[in-house]
Peer 1: 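Input: one structure, supplied below.
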Protein chains: 2
Amino acid sequence: MVLSRTSQYAVQALIYIATQPRGEPVLNRDIAERLGVPSAYLAKILQTLCKQGLLDSFRGRLGGFRLKDGMHSTSLLQVLLITEGPQFTESCVLGLKVCSDETACPLHNEWAPVKKKIIAMLTQSTLEDLAKSVLTGKYRLADIPVSFVSALP
Amino acid sequence: MVLSRTSQYAVQALIYIATQPRGEPVLNRDIAERLGVPSAYLAKILQTLCKQGLLDSFRGRLGGFRLKDGMHSTSLLQVLLITEGPQFTESCVLGLKVCSDETACPLHNEWAPVKKKIIAMLTQSTLEDLAKSVLTGKYRLADIPVSFVSALP
DNA sequence: CTACAATCGGACATCACTATCCTGTAGATG
DNA sequence: CATCTACAGGATAGTGATGTCCGATTGTAG
């Protein structure tokens, strides 16, 4: 019913980056502070997202992370396949190693349509869409209230 | 996308017990062997299910666990609320401590209908229904094929 | 070139879940 | 009562996800 911390951080960070002006790298430190998550841990996650081609990173002054070109339309499913692993959409609810339509667990047929709906929702939600809805101010990206006024584009 | 081991074992064990003749206690050892799960760990889980009123337990000879009267119609949701905790249906996908309709995370409104579908499915699935479908032989309750030879010397 | 800022990445620490061990206790049987 | 059996439950260990630390490396600016 809930994602792993790693996935949560990844999604939050990516949405936050997507709310920032395009092309301008965002500091890991700033993202961590904004989201109220451990910065060293977040850095590892962002590095992974870099290796998987979602982000660009820049060292030195004016460094930071930014969304790679064209990655604003990345879906949540693509993100979760990275953070939860490629078996994210495959694994059996009861943990059976083999659970196909032929050799199904008792929940397989009940779960199938639900899974389909989840995947549809995750495929449909893109980073730029989510970033837009955050920028309307109607949604919260993190628990910690923003102590400083974030820049509006 | 997948339940905790504890929940998996609980659901599997309860379905298995529900497939056995009513009123006759089933040995923890037999359940563990049938499911291919560690028996000592399963015992803890079954004890929890006893305390929560789903199971009766009997010590000594002819002992074991059986479904409490009327508990054959228990839904999966009731089971998971025990094994995953009462916040199972409440928690935010992004892990926010507060995420209501008023203070929503960016995924809240997308997730709501999906969550509704999940809960409907879990509420609808009862132990006796699942036990019945297992008894048809079309579904597997565990990975390990039941060769059913207790080759003890 | 030099100094500094920021990521990179390996090593280590922590915590919750998972799993095991062992002793105690209760029930059944003769 | 004696004894076997099976659950009860506290203590303990393994494991993977999570979180922290610190030095190495790379890029920018002066």
Side-chain angles (χ1 to χ4, degrees), chain A residues 1-13 17 24-33 35-52 54-68 80 82-85 87-88 91 94-95, chain B residues 1-13 17 20 23-68 80 82-85 87-88 91 94-95 150 152:
Chain A
M1 211 68 167
V2 83
L3 300 169
S4 69
R5 280 264 194 295
T6 299
S7 293
Q8 294 172 11
Y9 294 167
V11 170
Q12 286 177 295
I17 294 175
E24 291 182 17
V26 189
L27 291 188
N28 169 64
R29 177 203 313 151
D30 291 343
I31 306 173
E33 183 182 347
L35 302 179
V37 309
S39 70
Y41 189 50
L42 179 62
K44 308 281 189 198
I45 298 171
L46 295 180
Q47 283 168 28
T48 303
L49 296 176
C50 280
K51 284 181 192 162
Q52 298 302 318
L54 290 190
L55 294 175
D56 280 325
S57 73
F58 302 93
R59 292 180 161 185
R61 294 194 176 180
L62 305 182
F65 296 91
R66 75 172 182 203
L67 273 172
K68 222 180 175 104
L80 297 184
I82 293 175
T83 54
E84 300 280 325
Q87 81 301 338
F88 176 61
S91 48
L94 282 185
Chain B
M1 214 66 170
V2 86
L3 300 170
S4 70
R5 281 265 194 293
T6 298
S7 294
Q8 293 173 12
Y9 294 169
V11 170
Q12 286 177 295
I17 294 176
Q20 299 305 107
E24 291 183 17
V26 189
L27 291 187
N28 169 64
R29 178 204 312 151
D30 291 343
I31 306 174
E33 183 182 348
R34 171 67 177 73
L35 301 179
V37 309
S39 70
Y41 189 51
L42 180 61
K44 307 281 190 202
I45 298 171
L46 296 179
Q47 283 169 32
T48 303
L49 296 175
C50 279
K51 283 180 191 163
Q52 298 302 317
L54 290 191
L55 294 176
D56 281 324
S57 71
F58 302 92
R59 293 180 166 187
R61 292 193 178 177
L62 305 182
F65 296 90
R66 74 172 183 204
L67 274 171
K68 224 182 175 99
L80 296 183
I82 292 174
T83 54
E84 300 279 325
Q87 82 300 337
F88 176 61
S91 47
L94 283 184
S150 39
L152 275 180

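This one's a predicted model, so the numbers in the text were calculated from it and none came from an experiment. Values below: every heavy atom of this structure, side chains too, minus hydrogens, waters and symmetry copies. Naming convention: chains lettered A, B, ... in sequence-line order (proteins, then strands); numbering from 1 in each chain.
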Peer 1: Identify which nucleotide among C:dA19, D:dT20, C:dT7 has an atom closest to any side-chain atom of A:Tyr41, counting heavy atoms from C-beta outward.
Peer 2: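 Closest nucleotide among those given: D:dT20.
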Peer 1: In whole angstroms, how far is the C1' atom of D:dG16 from the CZ atom of A:Arg5?
Peer 2: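 Result: 15 Å.
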Peer 1: Name the atoms and distances for all side-chain donor-acceptor pairs under 3.5 Å in residues 44-57 of chain B, with sequence neighbours left out.
Peer 2:
| residue | atom | partner | partner atom | Å |
| --- | --- | --- | --- | --- |
| B:Thr48 | OG1 | B:Lys44 | O | 3.1 |
| B:Asp56 | OD1 | B:Lys68 | NZ | 3.4 |

Peer 1: Please determine, for the side chain of B:Ser57, which listed nucleotide (D:dG19, C:dT18, D:dA8) has the closest atom?
Peer 2: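 Shortest atom-to-atom distance from the side chain points to D:dA8.
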Peer 1: Given atom NZ of A:Lys44 and atom C1' of C:dT7, what is their separation to the nearest angstrom?
Peer 2: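 About 11 Å, once rounded to whole Å.
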Peer 1: Rounded to whole angstroms, how far apart are CG on A:Asp30 and C1' on C:dA6?
Peer 2: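 Atom-to-atom, A:Asp30 to C:dA6, this comes out as 12 Å.
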Peer 1: What does the B/S/- profile of nucleotides 23-30 of chain C look like, 5' to 3', with a 4.0 Å heavy-atom cutoff to protein?
Peer 2: -BBBBSS-
Peer 1: B:Leu46 has an atom CG; how far is it from atom P of D:dA8, in whole Å?
Peer 2: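 Nearest whole value for this atom pair: 9 Å.
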Peer 1: CD1 of B:Ile31 versus C1' of D:dA6: gap in Å, rounded?
Peer 2: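 From B:Ile31 CD1 to D:dA6 C1': 12 Å.
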Peer 1: Does some side-chain heavy atom of B:Glu33 sit less than 4.5 Å from a side-chain heavy atom of B:Leu27?
Peer 2: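 No - every pair of side-chain heavy atoms lies 4.5 Å or more apart.
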Peer 1: What integer distance in Å separates A:Leu49:CG from C:dC8:C1'?
Peer 2: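 Atom-to-atom, A:Leu49 to C:dC8, this comes out as 15 Å.
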Peer 1: As a test of reading the structure: which of D:dG9, C:dT20, C:dA19 is closest to the side chain of B:Lys51, going by heavy atoms?
Peer 2: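 So the nucleotide nearest the side chain must be D:dG9.
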Peer 1: Rounded to the Å, how far apart are A:Glu84 CD and D:dA17 C1'?
Peer 2: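 From A:Glu84 CD to D:dA17 C1': 11 Å.
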Peer 1: In whole angstrom, give the distance that lies between atom CD of B:Gln52 and atom C1' of D:dA8.
Peer 2: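 Value for this atom pair: 16 Å.
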Peer 1: Indicate yes or no: at least one non-hydrogen side-chain atom of A:Thr83 is less than 4.5 angstrom from one of A:Phe88.
Peer 2: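 No - every pair of side-chain heavy atoms lies 4.5 Å or more apart.
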Peer 1: Evaluate side chain to side chain contact (heavy atoms under 4.5 Å, CB included) for A:Val11 paired with A:Leu80, printing each intermediate quantity in order.
Peer 2: CA-CA 8 Å; A:Val11 170; A:Leu80 297 184; 4.2 Å; yes
Peer 1: How is A:Leu27 classified with respect to the nucleic acid when contacts are heavy atoms under 4.0 Å: base, sugar-phosphate, or nothing?
Peer 2: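 Sugar-phosphate only.
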